Structures are given as structure tokens and as C-alpha cells.
2 protein chains.
Amino acid sequence: MARTASAMRGQILESALRLFSVHGFRGTSLQDIASDAGCSKASLLYHFASKETILTELLTPARDALATLLDRVAGLERGRLVEETVIGYVDLALRFRREIRLLFEDIAEMSCHQTLNVLELADGLLDALAGHSRRAPSRVAAWMVLGAVFITSATEDEVAPDEVLRAEMIRSALRTLDHSPQCAADA
Amino acid sequence: MARTASAMRGQILESALRLFSVHGFRGTSLQDIASDAGCSKASLLYHFASKETILTELLTPARDALATLLDRVAGLERGRLVEETVIGYVDLALRFRREIRLLFEDIAEMSCHQTLNVLELADGLLDALAGHSRRAPSRVAAWMVLGAVFITSATEDEVAPDEVLRAEMIRSALRTLDHSPQCAADA
DNA sequence: ACGGTAACTGTCCGATCGGTCAGAACTGAC
DNA sequence: GTCAGTTCTGACCGATCGGACAGTTACCGT
């Protein structure tokens, strides 16, 4: 074939991003990418030094964009700081959706394929968090609480002692859901 | 050796959970688990039918606990529903921390080891979201927003059109941070 | 003491992976 | 047409993985 270098490179990156975001980095082989991109595995390694080089090249734009955002808000006073950061972060996350998805590797795959059908449970949890509401704001907020608690509890660095962490997570979650607590502090 | 069956099984599960939560499922080999548990790889497969069986057995308690929670809150009226669900979910997440961590596989590993030092950026983002505050409530809320936006934007099912999603994410995030918006709707 | 059974292991296997390499196929400049 | 240089590929390699299996060891009821 011998197309121009940049064309094949672009095709490879596109295929890689798509496959990575579905099956994860480890779950996608060079052969998978090659088949999808319509070239040989050896051709991949002609254009990219290694599998990891492909990943790096895919994530670099998102990384740079985040760095730029942090630079931009660095000098702001506290009032504007939080707001600008939030807006910028949300925009970034939406722009680099597939890149974020690939970071999750195979959480989704693992959840689906397993004997334990976690998906159904997640749906139930989501529904309860949204107070059975089907309105978009409630659903979005429910998703956010789901993710927030999930990630925060997986945090490695000790943000706070467990008791404080628990109390703050509950309060923040109820705030996220715009739910005025009735007796949030009970066990 | 021939210890009692349950003792070796327990040791294997313990080693597996620890290694999975650090290096991820795919990133941990049966040999790794065997070495850590102090037995042969063949011994693993005597106690467990396959690698995946180990994973299933590890996740089952968390799955069951979540199912129990959903059952318990199923009949509640809306006022109590949200609150009980949030508290129950937070407690579950903290109780099954390591299980959750293993679901993330190697996000952490990927972030660290790469040329792009994402960790430093994440710290910066966290700091900005917390409005430079070092107080625990602010830090926890910042972590929650970080995770919330991250996961919500990775969502596959269309919760809402992108514009709605964006607006709701921003509003919810600011609510989570207990930040009264000054002009949250601007671009 | 002995035989059955549960616990355990060394060794091997096929599959798959990321990566190498020599050379074929194609291109554009002259 | 020729030829240098780029692009691409089939075939191969070593490593590693999950798993199979026959055989060994330790335990225990009788």
C-alpha cells in the first residue's frame, strides 16, 4: 500500500483509542488494533516504537489540556478559582470522554460478563439515589454520587480518618443530590 | 504441608485481594498469588477452578451486601429513601474499599509509571477544586467532584444530551463543593 | 499398621502476547 | 527506467500466561 505516513498513523491512533476505550489497554492486543486499522501488526511497530508509545500519544492531548487549565486558574482568587476549575474540568472530561473511558480498562467488561450481574444492581442503586426520579438533573446527580463515593473510597492517600471521611462523604453526597438532610448523622 | 482446606483457601483469597487491589486483575498472575500465599500455582487451581473463580469469590460479598441494601431501601418513601441509600452506599464503599480498588485495575499504575506524570496534575486539580483549602471537608468534597465528573463523563448510556449533562454536572459539582455559584452558567 | 482420601506439587502444554528482522512493495525525483 | 528511500509485511522469537495432569505427601478413621 505505502500510503502517506501520517494517514496510517492517524488510522492506527483512531483504532487504538476506540478499542482501548472498549476493552481497555491490557485487553487490546496489537493484533486487534492492526486488524481494525487494516494493516499488519508489524506495521504498527513501524509507526510506533511500542504499544505503550501509542497509549502515551493518545493521552498526551488530554494531559496537556489539563495542564493548561491548571495554569490558567493558577492566579485566580478563591471565589473565581473553584468555579472556573469546575467548569474547565467538566469541559475537559466531556471533550476527552473516550480517553477517560480507556482508563477504566475493563471495569465494565468485568461487571457485565461475570456471574454476578452488577449492572442490574448499579441500575437499582442509581434509581434509589435519584429518588426514583427520571428527570435528567436527578439522574446526572445520582451518577455523580455513584462515581464520587466509588472513587473517593478507593483513594490511597489518607485524606481523612475513616469516621470523618464517612461523615463528609454522606454530607457531600446529599448536597450533590440537592437533598436537605433530615437526620443525616444517624448510623 | 496439607493444612486444612479452609486455611489455605483463606490465605489465597487474602493474597489475591491484596495483589488485585494493587496491580489489578489482569496485572496479577496466578504465580504472583501463589508466591504471596506461599504455595504452588497448581495448589491455587486445586482450591479454585480458575483465576476468575477467585475474583468472583472475592467480589461476591460486596455484591450481596449491595443487593441487601437495595432490598432494604426498596419500600421506603422518597424522603427517607435517598438518605438511607446514601448512608448505606457510603458504608458499603468504605467497608469494601479493597474490592473497589481492584476494580480500578491499573489506573493508578498507568498514571504513575508513564512519561506523563498525571499524579502531579491530579494533585493540582484537587487543590484547585478545594479552593486551596487543606481542611478535611473541602478535600473530601474535592475528591468526590474529581471522581464524580470522571465517572459520569465515562458513562456509556446516554443519561442526557451533552449540553444538559454539562450544565447539570457543573451545578451538581458546585453544590457538592458547597460553593454558591456566582455565574455558573457562563462558558 | 494400613488403606483411603484430601492436600499439594513439578512438569508440561497450547495459546497469546509484545517485539524483531530481513526483505518485498511502493513511491517520487531524476 | 532507475534507484534511493519510505512504507509495509510474513515469519519468527522469547517470554509469560492460565490451565491440565499424574504423581507425591500428609492426615485420619479403623
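These figures come from a predicted structure and were not determined experimentally. Basis for what follows: all heavy atoms, side chains included, without hydrogens, waters or symmetry-related copies. Sequence lines set the chain letters: A, B, ... in the order given, protein chains first and strands last, and positions in each chain run from 1.
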| query | So, is A:H47 close to the D:dC8 phosphate, meaning a side-chain N or O under 4.0 Å from OP1 or OP2? | reply | yes
| Got a salt bridge between B:E84 and B:R72, using NZ or NE/NH1/NH2 to carboxylate O under 4.0 Å? | yes
| request: Figure out the CZ/P separation between A:F48 and D:dT7, and round it to whole Å. | output: 12 Å
| message | Working to the nearest 0.5 angstrom, can you tell me the gap between B:I151 CD1 and B:T155 OG1? | response | 8.0 Å
| task | Report yes if at least one side-chain N or O of A:Y46 is closer than 4.0 Å to OP1 or OP2 of D:dC8; otherwise report no. | result | no
| Is A:D32 paired with A:K41 through a side-chain N to carboxylate O contact shorter than 4.0 Å? | no
If you restrict it to nitrogen or oxygen atoms, what contacts under 3.5 Å exist between nucleotides 15-18 of chain D and the protein, and what is each distance?
from	atom 1	to	atom 2	distance (Å)
D:dG18	OP1	B:K51	NZ	2.6
D:dG18	OP2	B:L30	N	2.9
D:dG18	N7	B:K41	NZ	3.2

| field | Test item: B:F25 and B:L103 side chains (from C-beta on) under 4.5 Å apart, heavy atoms | value | no
| Rounded (10°) bend between the five-pair end axes of the helix from C:dA1-D:dT30 to C:dC30-D:dG1 | 10°
| said: Same cluster or not: A:V82 versus A:L76, using hydrophobic residues (I, L, V, M, F, W, Y) connected whenever any side-chain heavy atoms lie under 4.5 Å apart? | reply: yes
| field | Between C:dC17 (P) and A:H23 (NE2): distance, integer Å | value | 12 Å
| query | Going through the distances and angles, do A:R63 and A:T60 end up as a side chain to side chain donor-acceptor pair (under 3.5 Å)? | reply | CA-CA 5 Å; A:R63 199 271 313 255; A:T60 296; 5.0 Å; no
| query | Does A:S43 place a side-chain N or O at less than 4.0 Å from the phosphate oxygens OP1/OP2 of D:dT9? | reply | yes
| Integer-rounded Å distance: C:dG19 C1' and A:I33 CD1 | 14 Å
| request: Using a strict 4.0 Å threshold on nitrogen-to-oxygen distance, state whether B:E14 and B:R98 make a salt bridge. | output: yes
| task | Could you check how far CE of A:M8 sits from P of D:dC8, rounded to whole Å? | result | 7 Å
| request: Among the candidates D:dT7, D:dT9, C:dT9, find the nucleotide nearest to the side-chain atoms of A:C39. | output: D:dT9
| request: Name all residues meeting the side-chain hydrogen bond (donor to acceptor under 3.5 Å, both in side chains) criterion together with B:T85; count only those two or more places apart in sequence or in a different chain, and write none if there are none. | output: none
| query | Please give, in whole Å, the distance from C:dC8 P to B:Q11 CD? | reply | 11 Å
| message | If I compare all heavy atoms of B:M8 with all of B:H47, which pair ends up nearest, and what's the gap? | response | CG-NE2, 3.5 Å
